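Read the structure below first, then the notes.
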Number of protein chains: 2
Amino acid sequence: MTGNSPDFTVSLRAAGLRPTRQRVALARVLFEGGHRHVTAESLHAEVKATRMPVSLATVYNTLNQFREAGLLREVVVAPGRSYFDTNTGHHHHFFVETDGELHDFPSDEVTIAGLPTPPEGTKLSRVDVIVRVRR
Amino acid sequence: MTGNSPDFTVSLRAAGLRPTRQRVALARVLFEGGHRHVTAESLHAEVKATRMPVSLATVYNTLNQFREAGLLREVVVAPGRSYFDTNTGHHHHFFVETDGELHDFPSDEVTIAGLPTPPEGTKLSRVDVIVRVRR
DNA sequence: CAATAACTTAGAACGGTTCTAAGGTTCTTG
DNA sequence: CAAGAACCTTAGAACCGTTCTAAGTTATTG
Ligand SMILES: [Mn+2]
Ligand SMILES: [Mn+2]
Ligand SMILES: [Zn+2]
Ligand SMILES: [Zn+2]
């Protein structure tokens, strides 16, 4: 059993961020284990449960820094709050509207054909597919 | 040339809403002419330009009532603000991230194949495709 | 025309997010 | 390793889009 305790110090430094106690604690919650979809509030609650004191302001700062560094992507599916997604590869989402849950599905299962060409003078940035479902 | 001045009084009453001065003014801005994508603020600015006094609270109330009546759909593409769409049929969106513009494209041009089945115990509500572009 | 129900509104409140500014931590350099 | 510099964290205020409250107004009904 090797390699089950990634060195977040390294990846933080690679992102140009000092590996502070708070950022390492947040990185652990976010990146050890499988892909996650968190809100600032939910991440704050989780990291506090590890008994590492982190303010909500730091959670927001860190989420934004991780996003800017390409470690996270932001997902906007409902008014009023953002989700942050540790899966930065190509994929799409189920959004369970009745309880606010987000689930991934791989983009290679789905085929999107016949997308019109972007408006004059614009270049494609990303295609998001959101499959909204209810319980 | 007939029928170029729709009777919003009728459609408002059909939606269970009294055709007040404010709602008729808002309906005119929204529904005469082609499809629109507005924010509360942008609609408020437009309706005020017609010299009909309407408060921002009424704009919000009316947008929500029109949405509940099925006259509008809400589109969430960016954090912090909602768009309201007069096109309630099946279609998808270009979102020009650099300037906040939304444009429709028909959903029958695009083919989405191989969508995974929704999670256990959920039923499909809608599929949104957002093509994000930048200038 | 009342009488009533529905509506509009200013301003307060709210909730998620960002900002400010002061103290603390991490890094660099010698 | 000490000290300075750079960077980071934080409480609380501010911000901004949206909703709520409560008081006055308007539309509808008979
Ligand atoms: Mn930011
Ligand atoms: Mn509402
Ligand atoms: Zn995801
Ligand atoms: Zn549209």
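In what follows, chains carry the letters A, B, and so on, assigned in the order in which the sequence lines appear, proteins first and then strands, with residues in each chain numbered from 1. Since the model is a prediction, treat every value here as computed from it, not as a measurement.
Listed pair B:Tyr60 / D:dT19 fails the phosphate criterion, with no side-chain N or O lying under 4.0 Å from OP1 or OP2. Between C:dC7 and B:Gln65, no contact under 4.0 Å exists linking OP1 or OP2 to a side-chain N or O. Look at A:Arg23 and you'll find a side-chain N or O under 4.0 angstrom from OP1 or OP2 of D:dT9.
Partners of A:Phe95 according to the ring pair (Phe, Tyr, Trp, His ring centres under 6.0 Å) rule, which considers only residues two or more places apart in sequence or in another chain, do not exist here. In terms of the ring pair (Phe, Tyr, Trp, His ring centres under 6.0 Å) criterion, B:Phe84 has no residue partners (sequence neighbours excluded). Contacts of B:His103 classified as ring pair (Phe, Tyr, Trp, His ring centres under 6.0 Å), with partners at least two apart in sequence or in another chain: none. Not a single ring pair (Phe, Tyr, Trp, His ring centres under 6.0 Å) links A:His44 to another residue, sequence neighbours left out. Applying the side-chain contact (heavy atoms from CB on, under 4.5 Å) criterion to A:Tyr60, with sequence neighbours excluded, gives A:Ala40, A:Leu56.
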For residues 71-81 of chain B, which side-chain N or O atoms pair as donor and acceptor with protein atoms under 3.5 Å away, sequence neighbours left out?
residue: B:Arg73; atom: NH2; partner: B:Gly89; partner atom: O; Å: 3.0
residue: B:Glu74; atom: OE1; partner: B:Arg67; partner atom: NE; Å: 3.1
residue: B:Glu74; atom: OE2; partner: B:Ser82; partner atom: OG; Å: 2.6

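The bend of the helix from C:dC1-D:dG30 to C:dG30-D:dC1, defined by the angle between the axes of its first five and last five pairs, stands at 30° to the nearest 10°.
The side chain of B:Leu17 has C:dC7 as its nearest neighbour among C:dC7, C:dT9, D:dT9. Here D:dT9 is the nucleotide among C:dG16, C:dC7, D:dT9 with the atom lying nearest to any side-chain atom of A:Thr58.
Identified under the salt bridge (Lys or Arg N to Asp or Glu O under 4.0 Å) test for residues 18-27 of chain B, with sequence neighbours left out: none. Under the salt bridge (Lys or Arg N to Asp or Glu O under 4.0 Å) criterion, the residue pairs touching residues 101-119 of chain B are B:Glu101-B:Arg135, with sequence neighbours excluded. Legend: salt bridge (Lys or Arg N to Asp or Glu O under 4.0 Å) pairs involving residues 111-127 of chain B, not counting sequence neighbours, sorted by first then second residue: B:Arg126-B:Asp128.
A heavy-atom distance below 4.0 Å to DNA chain D is reached by these residues of residues 41-55 of chain A, ordered by number: A:Pro53, A:Val54, A:Ser55.
Taking OG1 of A:Thr39 as the start and CD of A:Glu46 as the end, the distance is 9.5 Å to the nearest 0.5 Å.
A straight line from CG of A:Leu63 to P of C:dG16 spans 14 Å, rounded to a whole angstrom. Note: CZ (A:Arg81) to P (C:dG15) measures 11 Å, nearest angstrom. One interatomic measurement links the two molecules: CG of B:Leu56 to P of C:dT9, which rounds to 10 Å at whole-angstrom precision.
Among all heavy-atom pairs drawn from B:Leu63 and B:Leu43, the shortest one is CD2-CD2, 3.7 Å.
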Quick one, give me the B/S/- string for nucleotides 20-30 of chain D, reading 5' to 3', where B means a protein heavy atom under 4.0 Å from the base and S means that only happens at the primed atoms, P, OP1 or OP2. B------BS--
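Across all strands, A:Thr39 comes closer than 4.0 Å to no nucleic acid atom at all (heavy-atom distances).
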